[in-house]
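Chain letters run A, B, ... following the sequence lines, proteins first and then strands; every chain starts at 1. If you're wondering where the values come from, they're calculated on a predicted model, not measured in any experiment.
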Number of protein chains: 2
Amino acid sequence: MSTLGYALLCTLHRGPLTGYDIVRRMRKPIGYYWTAQQSQIYPELARLSAAGLIEHEADAGPGPRQRKTHRLTDAGREALAAWLVEPPAPRAPRDEAVLKTYALAAADPERMRGFYLAEAEAYQRRLDDFRAQHADLLSRDADNPPRRADDPRHPQFGAYATLELALASFPARIAWYRWLAEKMTDLGRLRNTPTDPPTP
Amino acid sequence: MSTLGYALLCTLHRGPLTGYDIVRRMRKPIGYYWTAQQSQIYPELARLSAAGLIEHEADAGPGPRQRKTHRLTDAGREALAAWLVEPPAPRAPRDEAVLKTYALAAADPERMRGFYLAEAEAYQRRLDDFRAQHADLLSRDADNPPRRADDPRHPQFGAYATLELALASFPARIAWYRWLAEKMTDLGRLRNTPTDPPTP
DNA sequence: CGCTGCATGTAACTCGTTACATGATTAA
DNA sequence: TTAATCATGTAACGAGTTACATGCAGCG
């Protein structure tokens, strides 16, 4: 079983969905930490079906094919529960912005400053988006059941918790970009002055 | 040109290296945010050579083949400088721990608590390692040139800056894991009490 | 005498991305 | 009428992983 398979079981843990629904879920909010292409999803759903972890009922869809609504089987729910508590396999980190920073000495400081400011802004926009989603989750059904999404018994607590991480880690990243932008300004200034103070 | 190609140019930006040297660099410290398998590196070096971005001199190696020491050409240095200031292509995020958190409602709270505590410890160990590297970089040649690695003119400033990000963002992650572990404890307690307080 | 480190490469495979293909309904 | 949304699938390619293969030098 691939991680993608488990990711699909994860999207189905709160109720049945069509493949198309899953494609959309792979964007917001789950898409911020796990993504899959639509071309990966349909074959993987077929594999999960063959393994007996999901099942579907089909009705007439809008196009030439049937629409299938998938749900977890008992076996699927068990497989998911077992996987959730296992330590995650270490993944190779790929962070282009940090890679570029490693080789920063090879770049023009003024242009690099522009790079960092642009990145800071992009992350700020994403942070604003997360904050809006966070507030939205907390306000929704705030009174109907006497529980909010920050209560671990709330069915949306998992989604809420993922937003909490983003809200805690994005500001650190933005501050890092701004710090680097400042350092680039310093570099431009320092380059026009004698490199080393004369030794006495 | 693939990102891997630029990653190799990045490792060469401070001086010539053999393929084997690059394999090792792809672990510490650069390996914390960009990794490549040894089987990827050798063919990519050949491609970069063919494109004229690097060149090498060969001498008798220990094994049956020649040892090649690669360096950036002027064209390679220019290509690197141009790439560094370009906005990074958006990458699909894959974070298994966060994915698992999304589907947390399907897990056993007590076992999930163990998962979060184990993750917190693993990240704490990596943070300690980063802190040691950070201190090491700052103490090295602290007097010889009157500059430390936190001076943007220092050749190691790039490597230093990448560690700064880790030092700023890992604590947020560890705190998040600990917060979730606590929530899992709460869940265990709350489950044994009436689900909803009686409405008056 | 076997293990680790140095050093370079290839082969087979899996995972992920881009692009193609079909077709109904609804909104601009 | 043109585009977007719903809905499901396949094909070709590229990137990344695991495993294989060779062979010298030095250490315990």
Side-chain angles (χ1 to χ4, degrees), chain A residues 1-8 11-12 16-28 30-31 33-51 54 56-70 88-96 99, chain B residues 1-8 11-12 16-28 30-31 33-51 54 56-70 88-96 99:
Chain A
M1 265 286 283
S2 65
T3 310
L4 172 64
Y6 288 111
L8 298 191
T11 62
L12 291 171
L17 295 171
T18 66
Y20 191 80
D21 287 330
I22 297 178
V23 171
R24 277 181 307 178
R25 297 282 161 113
M26 284 300 197
R27 293 193 237 278
K28 249 192 194 182
I30 188 177
Y33 48 86
W34 202 273
T35 326
Q37 238 48 40
Q38 162 252 38
S39 62
Q40 281 183 281
I41 289 171
Y42 289 103
E44 188 66 34
L45 284 171
R47 259 171 259 143
L48 292 171
S49 251
I54 61 174
H56 64 260
E57 55 187 298
D59 55 56
R65 295 192 186 89
Q66 289 189 303
R67 187 176 65 165
K68 298 172 183 171
T69 304
H70 305 271
R91 267 177 192 266
R94 312 252 144 141
D95 193 321
E96 219 176 288
L99 172 62
Chain B
M1 265 286 284
S2 66
T3 310
L4 173 64
Y6 288 111
L8 298 190
T11 63
L12 291 172
L17 295 172
T18 67
Y20 191 79
D21 287 330
I22 296 177
V23 170
R24 279 182 308 179
R25 297 282 162 113
M26 282 303 194
R27 292 192 239 278
K28 246 190 195 186
I30 189 177
Y33 49 82
W34 201 273
T35 325
Q37 238 47 41
Q38 162 253 39
S39 62
Q40 280 183 283
I41 289 172
Y42 289 104
E44 187 66 35
L45 284 171
R47 258 171 263 142
L48 291 172
S49 252
I54 61 173
H56 64 260
E57 56 187 295
D59 55 58
R65 293 193 186 87
Q66 289 189 304
R67 185 176 67 164
K68 298 173 184 170
T69 305
H70 305 270
R91 269 182 189 264
R94 311 251 146 145
D95 193 320
E96 218 175 290
L99 173 62

Colleague: How do A/Thr18 and A/Arg94 order along DNA chain D: which one's closest nucleotide is nearer the 5' end?
Modeller: A/Thr18
Colleague: From the set C/dC15, C/dA7, D/dC6, return the single nucleotide nearest to any side-chain atom of A/Gln40.
Modeller: C/dC15
Colleague: Please tell me if the side chains of B/Gln40 and B/Thr35 come closer than 4.5 Å, counting only heavy atoms from C-beta onward.
Modeller: no
Colleague: Find the distance A/Ile41:CD1 to D/dA7:P and express it as a whole number of Å.
Modeller: 14 Å
Colleague: State whether a side-chain donor-acceptor pair under 3.5 Å links A/Arg91 with A/Thr3.
Modeller: yes
Colleague: Which is more 5' along DNA chain C, the nucleotide nearest A/Ser39 or the one nearest B/Pro64? Just name the residue.
Modeller: B/Pro64
Colleague: For B/Leu45 and C/dT10, what is the distance between atoms CG and P respectively, to the nearest whole Å?
Modeller: 12 Å
Colleague: Looking across every strand, which nucleic acid part, if any, lies under 4.0 Å from B/Ala92 by heavy atom: base, sugar-phosphate, or nothing?
Modeller: sugar-phosphate
Colleague: D/dA15 P sits how many Å from B/Arg91 CZ, rounded?
Modeller: 10 Å
Colleague: Remember a base hit wins even if backbone is also touched, and classify A/Gly19 as base, sugar-phosphate or nothing at under 4.0 Å, heavy atoms.
Modeller: sugar-phosphate
Colleague: Figure out the CD/P separation between A/Glu44 and D/dT10, and round it to whole Å.
Modeller: 13 Å
Colleague: Given the rule in the side chain to side chain contact (heavy atoms under 4.5 Å, CB included) test, do A/Thr18 and A/His56 qualify, once you have shown the distances and angles that lead to the verdict?
Modeller: CA-CA 9 Å; A/Thr18 66; A/His56 64 260; over 6 Å; no
Colleague: Nearest to the A/Arg24 side chain among D/dC6, D/dA15, D/dG23, which nucleotide is it?
Modeller: D/dC6
Colleague: Are B/Leu8 and B/Met26 close enough that some pair of their side-chain heavy atoms sits under 4.5 Å apart?
Modeller: yes
Colleague: Specify the separation, in whole Å, of atom CE of B/Met1 and atom P of D/dG14.
Modeller: 16 Å
Colleague: Taking the side chain of A/Leu4 as its heavy atoms from C-beta onward, which of D/dA15, D/dT17, C/dG16 lies nearest to it?
Modeller: C/dG16
Colleague: Counting only side-chain N and O atoms of B/Arg65, is one of them less than 4.0 Å from OP1 or OP2 of C/dG9?
Modeller: no
Colleague: Check A/Leu45 against A/Ile54 and note the closest heavy-atom contact, atom names and distance.
Modeller: O-CD1, 3.4 Å
Colleague: So, is B/Gln37 close to the D/dT17 phosphate, meaning a side-chain N or O under 4.0 Å from OP1 or OP2?
Modeller: yes
Colleague: Measure from OH on B/Tyr42 to P on D/dG16 and round the result to the nearest Å.
Modeller: 18 Å
Colleague: In whole Å, I'd like the distance from the CE atom of B/Met26 to the C1' atom of D/dT17.
Modeller: 15 Å
Colleague: Kindly indicate whether the side chain of B/Gln38 and the base of C/dT8 share any N or O donor-acceptor pair separated by less than 3.5 Å?
Modeller: yes
Colleague: Rounded to the nearest Å, what distance is computed from the CZ atom of residue B/Arg47 to the C1' atom of nucleotide D/dA15?
Modeller: 10 Å
Colleague: Between B/Gln66 and A/Ser2, just flag the one whose closest nucleotide in DNA chain C comes earlier from the 5' side.
Modeller: B/Gln66
Colleague: Strictly below 4.0 Å: does B/Tyr20 bring a side-chain N or O up to OP1 or OP2 of C/dC6?
Modeller: yes
